[in-house]
Amino acid sequence: MKYIDEFRDPELARRLLSRIERRSTRLVRLMEFCGGHTHAIMRYGLRTLLPPTVDLRSGPGCPVCVTANADLDRAIALSRVPGLILTTFGDMMRVPGSTESLQEAKAGGADVRMVYSTLDSLKIARENPSRPVVFLGVGFETTAPTVAAAILQAQDEGLANFSVLSLHKLTPPATRAILDAGEVALNGIIGPGHVTTIIGADAWAFLPAEYGVPLAVAGFEPLDIVRAVADLIDMIEDGQPCVTNSYARSVSRQGNPAALEVMARVFSVSAAEWRGLGLLPASGLSIRPELSQYDAAHRFEVDSGPTREHKGCRCGDVLRGTISPPQCPLFGRACTPTRPIGPCMVSAEGACAAYYQFGQNLP
Ligand code: SF4
């Protein structure tokens, strides 16, 4: 298949769906790790097309959502450092921290600027040589290479006022943590397409090998996802878990060596705090000590005070897959995209936002 229409072909989808219907003999719970998949599933009404034996749960694959409240508070405190310019992707602006969001900090006088890429942030640093410019690095293996490249670029240019607050996270350890916790029994996982483009399908081999759980890497078109579900059902029914790849137009077994290399030059693997999952060893990326002048955590000491989460928000449960967004009592009532209480309702990849936006497709 070469063209986008082919990945939305209703006839092919019907055939795959009837294969799923035929083969699925028992109730199975599948987690779509990635928030992009949750949005595609809801947008195309895929939940309603699957047989009742297939239960889809959202996972922790929304980088904005899994950013811990304490880290968000730290970023907000950083934005108040006199003279400092904090640059960030748009979604982070509206996430409520303990007392305010970055957007509210900006309204209160902090210089917080929304950027579309790290290149914008470097440009701001060049234009403001006398002011520190910090990029808020939030994302998974997909965005970490571009942030690493920006740090190397700053080093090449001698851009001494640029630094990054690295809150980057790694996806396989989060998957492992969910399976280890055993709170939600998972029979299979729809693997994140963009992340796996970087890390390679082989990075997921531990799931069938150690947990007996199959993973099917998927792209973001409806047929990609339906095919991944069909693969998972086949593997579960046959009792032969492995890793399949229905996103071969982007994902290889080894991943992207150039991206992995640039990440390894700039970052070292460290423990990271995840909303909903807590502190996970070897699940984050810290800037290497030899590049500490580009590490905002090293350059600026800020006191963000005690962190406080909204009592009623159940984002943590949504991110672990123990509940679906509509099971949160605040969903669609006190919490909506215009007045979000938690990050899962703010982010373009948040599960609550997807369920709210495409709620007409709920079963
Ligand atoms: Fe949090 Fe709102 Fe989602 Fe509830 S609906 S879990 S309050 S983001």
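Note that the coordinates shown come from a computational prediction; the quantities given were computed from them, not determined experimentally. Order of appearance sets the numbers: ligands from 1, and atoms from 1 within every ligand.
Of the candidates R339, R314, K311, the one placing a heavy atom closest to atom 6 (S) of ligand 1 is R314.
To the nearest 0.5 Å, atom CG of residue L78 and atom CD of residue E301 are 12.0 Å apart.
For residue C335, no N/O/S atom approaches atom 4 (Fe) of ligand 1 to within less than 2.8 Å. Among the atoms of C315, no N, O or S atom is found under 2.8 Å from atom 1 (Fe) of ligand 1.
With ligand atoms numbered from 1 in the order given, ligand 1 contributes 4 (Fe), 5 (S), 6 (S), 7 (S) to contacts under 4.0 Å with heavy atoms of C328. With ligand atoms numbered from 1 in the order given, ligand 1 contributes 8 (S) to contacts under 4.0 Å with heavy atoms of M345. Atoms of ligand 1 lying under 4.0 Å from any heavy atom of G342, numbered from 1 in the order shown and given with element: 8 (S).
Partner of V195 under the side chain to side chain contact (heavy atoms under 4.5 Å, CB included) criterion, out of T197, I198, I199: I199 alone. Of the candidates I190, L46, I225, V229, I190 is the only one forming a side chain to side chain contact (heavy atoms under 4.5 Å, CB included) with E32.
Under 4.0 Å is where a charged nitrogen must lie from a carboxylate oxygen, and between D73 and R308 no such pair does.
At the shortest separation from atom 1 (Fe) of ligand 1 among protein heavy atoms lies C313 SG, 2.4 Å.
Residue contacts with ligand 1 for C352 involve side-chain atoms from C-beta outward but no N, CA, C or O (heavy atoms, distance under 4.0 Å).
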Going through the checks in order, is the side-chain hydrogen bond (donor to acceptor under 3.5 Å, both in side chains) test met by S286 and S268? CA-CA 5 Å; S286 298; S268 56; 5.2 Å; no
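Formation of a donor-acceptor pair under 3.5 Å by the S347 side chain with backbone atoms of D91 is not found in this model.
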